[in-house]
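The structure appears right after this line, and notes come after that.
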Amino acid sequence: MYDSSTGIIRNYINPLIGDLPMQSVTVKTVDIFIHDLHRTRSAAEKYHAVKQDYISDSQVEKVFKLARCAFNQAVRWNVIPQNPFNQANLCKAKCREREIWDAETIRKALDACRDANLYVCMNLSFACSLRIGEILGLTWNNVHISEPEIKDDDAWLYIVQELAMVKRSALAALNNKNIYHIFPAWTGKTTNTVLVLKKPKTDSSIRRVWIPKTVAYVLQELRKNQLHQIELAGFDYTDYNLVIAFPNGHPCEEKRINQAFTKLKAEAKLPDVVFHSLRHSSATYKLKLNHGDLKATQGDTGHAEIDMITSVYAHILDEDRKINAQKFESAFYANPDLRSVRPPEKPKEQAPATLDLEALVEQLRNSPEL
């Protein structure tokens with residue numbers, strides 16, 4: 001996040017409005033800034049190739065949010081009276097629907113997988129809706145899979161950290177904020193990046209997630225094999241208590257899981273999706289199984305805003321709404337007795353009654369008391 005933000009400032013904010021005094025920036029200035037952003041060429045970074053000539057709508061939105069955040073800070077410091085970005089017009093970028101695997105494809109992928117670490121990662125991503133960094137940063141002290149817990153359907157994980165590759169310059173600039181552990185460089189060479197265990201991206205990401213029995217047994221088997229490796233390796237094993245680790249105990253980088261996942265897709269001839277799509281598949285099926293319970297699904301995914309669930313997975317809810325219409329047809333309109341139901345006809349107007357004087361006189365004669 002630090003590298004991304006400084007890159008946005010360097011490439012897109014400073015060149016366009018960096019020389020303006022904050023007090024001179026108006027809503028019109030911001031509107032022009034947004035217009036100019038859409039005509040700005042994508043900036044090339046040292047380790048990231050340019051994917052398109054001009055920056056995308058989603059990138060414009062990131063630039064806008066960062067600048068708005070900075071101006072909010074200026075308001076808090078009484079540098080400016082109000083934030084012009086709050087009144088500017090920004091067309092929100094459309095969320096592109098991510099390709100996902102269905103349950104049958106995931107079963108096929110798991111059956112074809114021969115990489116133990118990838119197999120566990122796939123199960124945790126799909127069954128528990130975990131991010132890859134959360135899986136790789138998971139430690140055994142936060143895994144509760146005892147026999148009584150599994151028997152009572154009470155096996156669970158506690159997500160408190162994630163594994164990430166970060167730049168040393170970012171660590172220095174932030175004074176190691178929210179960093180729990182820094183792993184050493186095993187190659188002996190000093191690099192610009194380092195593996196760390198850090199606090200998750202949001203407070204809502206710190207959560208308890210219950211796991212299915214089968215996944216609990218998968219973790220039990222992994223732990224059994226891992227303890228056997230520790231016994232065989234002896235002093236050659238560096239025990240960081242990580243669930244996903246190499247045979248020598250070292251943490252497994254995200255790129256290694258992605259490489260294994262790419263190899264699996266090619267060998268099993270599976271549709272091309274990214275590993276993160278398994279998390280989308282997870283949320284999709286949970287919404288279907290719990291009949292659209294957004295709060296329960298949000299609790300597992302760890303999204304800070306429930307809008308993320310409704311926007312990213314809205315097509316799933318629409319599908320269920322279509323099924324609702326089909327169920328309504330079967331339950332109500334399919335009844336043959338209802339086929340002839342029509343709106344009630346309006347009653348015919350009767351002719352106004354006329355006064356029969358002879359009948360009235362005769363009635364009075366027969367009933368003097370009237």
Side-chain angles (χ1 to χ4, degrees), residues 1-20 22 25-76 80 82-99 131-134 162 164-167 169-171 173-174 177-178 193 198-205 254 274-277 279-280 283 298 301-314:
M1 179 60 70
Y2 176 82
D3 290 332
S4 173
S5 298
T6 53
I8 287 174
I9 294 170
R10 180 176 61 252
N11 295 319
Y12 304 118
I13 295 180
N14 282 349
L16 294 177
I17 60 173
D19 293 335
L20 297 177
M22 297 190 79
V25 177
T26 63
V27 177
K28 181 179 179 181
T29 308
V30 176
D31 286 342
I32 295 173
F33 172 56
I34 295 170
H35 180 263
D36 291 341
L37 279 174
H38 285 286
R39 299 186 300 174
T40 301
R41 290 190 170 274
S42 299
E45 293 290 341
K46 185 176 182 181
Y47 299 104
H48 299 281
V50 175
K51 295 182 179 179
Q52 54 191 46
D53 291 338
Y54 295 92
I55 65 175
S56 62
D57 291 343
S58 60
Q59 184 71 356
V60 170
E61 191 173 335
K62 288 180 182 179
V63 177
F64 176 86
K65 287 181 176 179
L66 181 60
R68 183 179 61 189
C69 180
F71 274 74
N72 279 336
Q73 185 67 25
V75 172
R76 196 173 73 87
I80 53 177
Q82 60 183 4
N83 188 346
F85 281 82
N86 290 336
Q87 302 176 47
N89 294 322
L90 176 68
C91 296
K92 191 171 183 180
K94 292 182 179 180
C95 184
R96 189 179 67 179
E97 187 176 312
R98 184 184 293 274
E99 295 292 329
R131 303 177 179 93
I132 183 61
E134 295 169 344
E162 63 183 24
M165 182 71 75
V166 299
K167 288 186 178 180
S169 57
L171 288 180
L174 300 175
K177 183 181 179 181
N178 296 330
T193 57
K198 70 177 190 69
K199 182 181 177 181
K201 58 188 298 186
T202 61
D203 290 337
S204 60
S205 296
E254 180 180 345
V274 296
F275 185 87
H276 189 74
S277 292
R279 177 170 149 88
H280 282 245
Q298 181 191 17
T301 61
H303 283 113
E305 300 292 338
I306 202 168
D307 289 349
M308 281 294 296
I309 302 291
T310 56
S311 61
V312 175
Y313 309 109

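Worth saying up front: this structure is predicted, and the values here are computed from it rather than measured. Heads up: numbering here begins at 1 and tracks the sequence.
- The closest side-chain heavy-atom distance from Y54 to T40 is not below 4.5 Å.
- Taking the ring pair (Phe, Tyr, Trp, His ring centres under 6.0 Å) definition, one finds that F71 meets it with F85, sequence neighbours left out.
- Using a 4.0 Å cut-off between a side-chain N of Lys or Arg and a carboxylate O of Asp or Glu, E162 and K198 qualify as a salt bridge.
- Looking at heavy atoms from C-beta onward, N86 lies in side-chain contact with N72 at the 4.5 angstrom threshold.
- Within the 4.5 Å cutoff, the side chain of E254 has no heavy atoms near those of the M165 side chain.
- For the pair N14 (side chain) and R10 (backbone), a donor-acceptor distance under 3.5 Å is absent.
- Residues satisfying the side chain to side chain donor-acceptor pair (under 3.5 Å) criterion with K177, sequence neighbours excluded, are absent altogether.
- Nearest approach of I9 to P15, heavy atoms of both residues: O-CD, 4.0 Å.
- Between V30 and P84 the shortest heavy-atom distance is CG2-CB, 4.0 Å.
- Y12 places no side-chain N or O within donor-acceptor distance of the main-chain N or O of S42, the cut-off being under 3.5 Å.
- Taking all atoms of both residues into account, the shortest heavy-atom contact from S277 to E99 is OG-O, 3.0 Å.
- To the nearest 0.5 angstrom, E61 atom CD is 9.5 Å from S56 atom OG.
- Remark: I17 CD1 to F33 CZ distance equals 4.0 Å, nearest 0.5 Å.
- Using a distance-only test at 3.5 Å, with no hydrogens or angles considered, a donor-acceptor pair links the side chain of D31 to the main chain of N89.
- Using a distance-only test at 3.5 Å, with no hydrogens or angles considered, no donor-acceptor pair links the side chain of T193 to the main chain of V166.
- Residues Q87 and Q82 have side chains in contact (heavy-atom distance under 4.5 Å, counting atoms from C-beta outward).
- No side-chain heavy atom of N11 sits under 4.5 Å from any side-chain heavy atom of I55.
- K167 places none of its side-chain heavy atoms less than 4.5 Å from the side chain of L171.
- Remark: K62 NZ to L66 CG distance equals 11.5 Å, nearest 0.5 Å.
- Panel note: side chain N83, backbone R68; a donor-acceptor pair is recorded below 3.5 Å.
- Annotation: side chain to side chain donor-acceptor pair (under 3.5 Å) contacts of K199 (sequence neighbours excluded): D203.
- Applying the side chain to side chain donor-acceptor pair (under 3.5 Å) test to N178 and every residue at least two apart in sequence or in another chain returns nothing.
- Shown here are the side chain to side chain donor-acceptor pair (under 3.5 Å) partners of T29, two or more places apart in sequence or in another chain: T26.
- Partners of H276 under the ring pair (Phe, Tyr, Trp, His ring centres under 6.0 Å) rule, at least two apart in sequence or in another chain, are H280.
- Although no hydrogens or angles enter the test, the distance criterion places no donor-acceptor pair under 3.5 Å between the side chain of S5 and the main chain of Y2.
- Looking at S205 and E134, their side chains come closer than 4.5 Å, going by heavy atoms from C-beta outward.
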